[in-house]
Amino acid sequence: MRKIILFMSVSLDGFIEGPERQIGWHKVSEEVHNHMNEELRGMGAFVSGRVTYELMAGYWPTADADPVATPAMVEFAGIWREMPKIVFSRTMDRADWHTSIVREVDPERIRALKAEPGGDLALGGADLAAAFLRHDLIDGYHLLVHPVLIGAGKRLFSGFDTELDLRLTGTRTFGNGVVLLRYQRAVPG
C-alpha cells in the first residue's frame, strides 16, 4: 500500500512562511535540492492544496529556462512537470501539468488512492496537511528544519489539538545547517 508522506520546510520556531507568505528564509542549497529531487523522483504523485499548487505552477513549469536555475532546479522542473498532481480545491476550475482537481478531503477516497499501485504520495501544504492529519491519513513526515527563527507567520501544525506519537526513522544534516527529520507514526504496543 502506498504511503502519504508530508514534505515541508519549517523554521526552527515552527513556521512554514512569514506573515506576508515570505519563504525567502528557506536555505535550499544545491545539496538540499539534489537530495529532495532524489526523494521526490520516485513518488507516485504530488498532493497539494490550491495555494501550494499555484505557487508551484507559477514557477516550475518553465524553471529550467531560467538563466539562474541551478542544475538541481532544472532537474526538479522536469520532475514536477511529469509527475501526476492531485490538487484539493473548491474554487479551481482547471489545472495543467498532469493535474487532477479534487473538491473535498474524503477519507475513504484517500484510502482507496493509497491502495492503488504506484509510488508513495508526496503531500504538501499546511492547510491540506491539517485536514489529512485530522483524518489520520499521513503515514510519514519529512521535515526540512531550516536554521532560522522568523518569529511570526503560519505554523505548520496550527489547530491540531490531538497527541500523535511519532517514531524517528532518519535524519540528515546538510552543509548549510538544514536538518532533515523523518518520522512515521509510532506503532502501538
Side-chain angles (χ1 to χ4, degrees), residues 1-10 16-17 23 26 28-61 63-64 72-89 92 95-102 104-107 109-146 154 156-157 160 164 166-172 174 178-185:
M1 179 170 288
R2 303 197 288 185
K3 291 181 170 60
I4 295 176
I5 310 295
L6 175 64
F7 286 87
M8 291 295 293
S9 282
V10 62
I16 62 159
E17 63 186 19
I23 60 171
H26 286 189
V28 182
S29 65
E30 195 76 352
E31 178 189 24
V32 171
H33 217 303
N34 280 325
H35 178 79
M36 292 311 298
N37 287 352
E38 187 176 315
E39 283 205 36
L40 295 170
R41 185 182 305 112
M43 292 286 147
F46 291 130
V47 179
S48 65
R50 179 190 56 80
V51 172
T52 299
Y53 173 80
E54 288 176 346
L55 177 71
M56 301 296 279
Y59 181 70
W60 290 110
D64 49 356
M73 293 169 72
V74 169
E75 180 184 15
F76 183 73
I79 292 168
W80 190 87
R81 276 194 306 266
E82 296 306 315
M83 182 76 61
K85 287 165 274 307
I86 302 166
V87 62
F88 285 78
S89 173
M92 287 178 67
D96 296 320
W97 308 108
H98 310 289
T99 304
S100 301
I101 299 171
V102 177
E104 301 288 333
V105 176
D106 175 356
R109 185 172 179 187
I110 303 303
R111 288 184 189 96
L113 182 64
K114 288 173 63 172
E116 292 177 7
D120 291 340
L121 305 170
L123 176 63
D127 293 336
L128 186 59
F132 273 53
L133 195 52
R134 281 191 296 278
H135 294 292
D136 194 26
L137 295 169
I138 302 174
D139 302 295
Y141 301 80
H142 291 195
L143 305 178
L144 286 169
V145 181
H146 296 257
K154 184 173 191 165
L156 175 54
F157 295 115
F160 184 71
L164 179 64
L166 301 173
R167 182 172 60 87
L168 182 66
T169 59
T171 64
R172 178 168 176 181
F174 297 94
V178 171
V179 176
L180 172 63
L181 301 173
R182 286 191 194 105
Y183 293 94
Q184 67 183 32
R185 288 187 297 195

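- Qualifying side chain to side chain donor-acceptor pair (under 3.5 Å) partners for Glu116, counting only residues two or more places apart in sequence or in other chains: none.
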Query raised in the report: Should Asp127 and Val51 be marked as a side-chain contact (heavy atoms from CB on, under 4.5 Å) after you check the CA-CA gap, both sets of side-chain angles, and the distance that decides it?
Result: CA-CA 9 Å; Asp127 293 336; Val51 172; 5.9 Å; no
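- Arg185 meets the salt bridge (charged side-chain N to carboxylate O under 4.0 Å, His left out) test with Asp136, Asp139; sequence neighbours excluded.
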**Report entry** Step-by-step side-chain contact (heavy atoms from CB on, under 4.5 Å) determination, Leu166 to Leu164
**Finding:** CA-CA 6 Å; Leu166 301 173; Leu164 179 64; 4.1 Å; yes
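- Looking at Arg111 and Leu137, their side chains come closer than 4.5 Å, going by heavy atoms from C-beta outward.
- The distance from atom CG of Asn37 to atom CE of Met73, rounded to the nearest 0.5 Å, is 10.5 Å.
- Atom-to-atom distance recorded for Phe174:CZ and His33:NE2 is 12.0 Å, nearest 0.5 angstrom.
- Residues Leu181 and Tyr141 have side chains not in contact (no heavy-atom distance under 4.5 Å, counting atoms from C-beta outward).
- The shortest heavy-atom contact between Trp97 and Arg81 is CZ3-CD, 3.5 Å.
- Between Ile110 and His135, the closest side-chain pair of non-hydrogen atoms is not below 4.5 Å.
- With sequence neighbours excluded, the residues forming a side chain to side chain donor-acceptor pair (under 3.5 Å) with Glu104 are Arg90, listed by chain and number.
- Remark: the backbone N or O of Gly125 is not paired with any side-chain donor or acceptor of Ser48 at under 3.5 angstrom.
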Query - Intermediate values then yes/no, side-chain contact (heavy atoms from CB on, under 4.5 Å), Val47 and Phe88 - result: CA-CA 8 Å; Val47 179; Phe88 285 78; 3.6 Å; yes
Query raised in the report: Between His26 and Leu144, is a side-chain contact (heavy atoms from CB on, under 4.5 Å) present by the stated rule, with each step listed?
Result: CA-CA 9 Å; His26 286 189; Leu144 286 169; over 6 Å; no
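- Around the CD atom of Glu38, the shell of radius 6.0 Å holds no more than 12 heavy atoms that belong to other residues, nucleotides or ligands.
- Scanning both residues, Met83 and His98, for their nearest heavy atoms gives O-CB, 4.0 Å.
- Side-chain contact check for Phe46 versus Leu40: some heavy-atom pair is nearer than 4.5 Å.
- Within the model, atoms CZ of Arg41 and CD of Glu82 stand 13.5 Å from one another, a figure rounded to the nearest 0.5 Å.
- Residues Ser89 and Tyr53 form no side-chain contact, since every pair of their non-hydrogen atoms from C-beta on lies 4.5 Å or further apart.
- For the atom pair Leu128 CG and Leu6 CG, the distance stands at 9.0 Å (nearest 0.5 Å).
- Scanning both residues, Lys154 and Ala126, for their nearest heavy atoms gives CE-CB, 4.0 Å.
- Using a 4.5 Å heavy-atom threshold, the side chains of Ile101 and Arg50 count as separate.
- Contact annotation: the side chain of Val28 never approaches that of Met36 to less than 4.5 Å [non-hydrogen atoms, C-beta and beyond].
- Of all non-hydrogen atoms in Val105 and Ala131, the two that sit nearest each other are CG2-CB, 4.0 Å.
- Residues Met8 and Phe157 fail the side-chain proximity criterion, which asks for heavy atoms closer than 4.5 Å.
- Distance check, rounded to the nearest 0.5 Å: CD1 of Ile23 to CD of Glu17 gives 8.0 Å.
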Query raised in the report: Yes or no on side-chain hydrogen bond (donor to acceptor under 3.5 Å, both in side chains) for His35 and Glu39, after CA distance, side-chain angles and deciding distance?
Result: CA-CA 6 Å; His35 178 79; Glu39 283 205 36; 2.7 Å; yes
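- Under a cut-off of 6.0 angstrom, the local environment of NZ in Lys3 is sparse, with at most 12 non-hydrogen atoms contributed by other residues, nucleotides or ligands.
- No donor-acceptor distance shorter than 3.5 angstrom exists from the side chain of Glu75 to the backbone of Asn34, with no hydrogens or angles considered.
- The distance from atom CZ of Arg2 to atom NZ of Lys114, rounded to the nearest 0.5 Å, is 10.5 Å.
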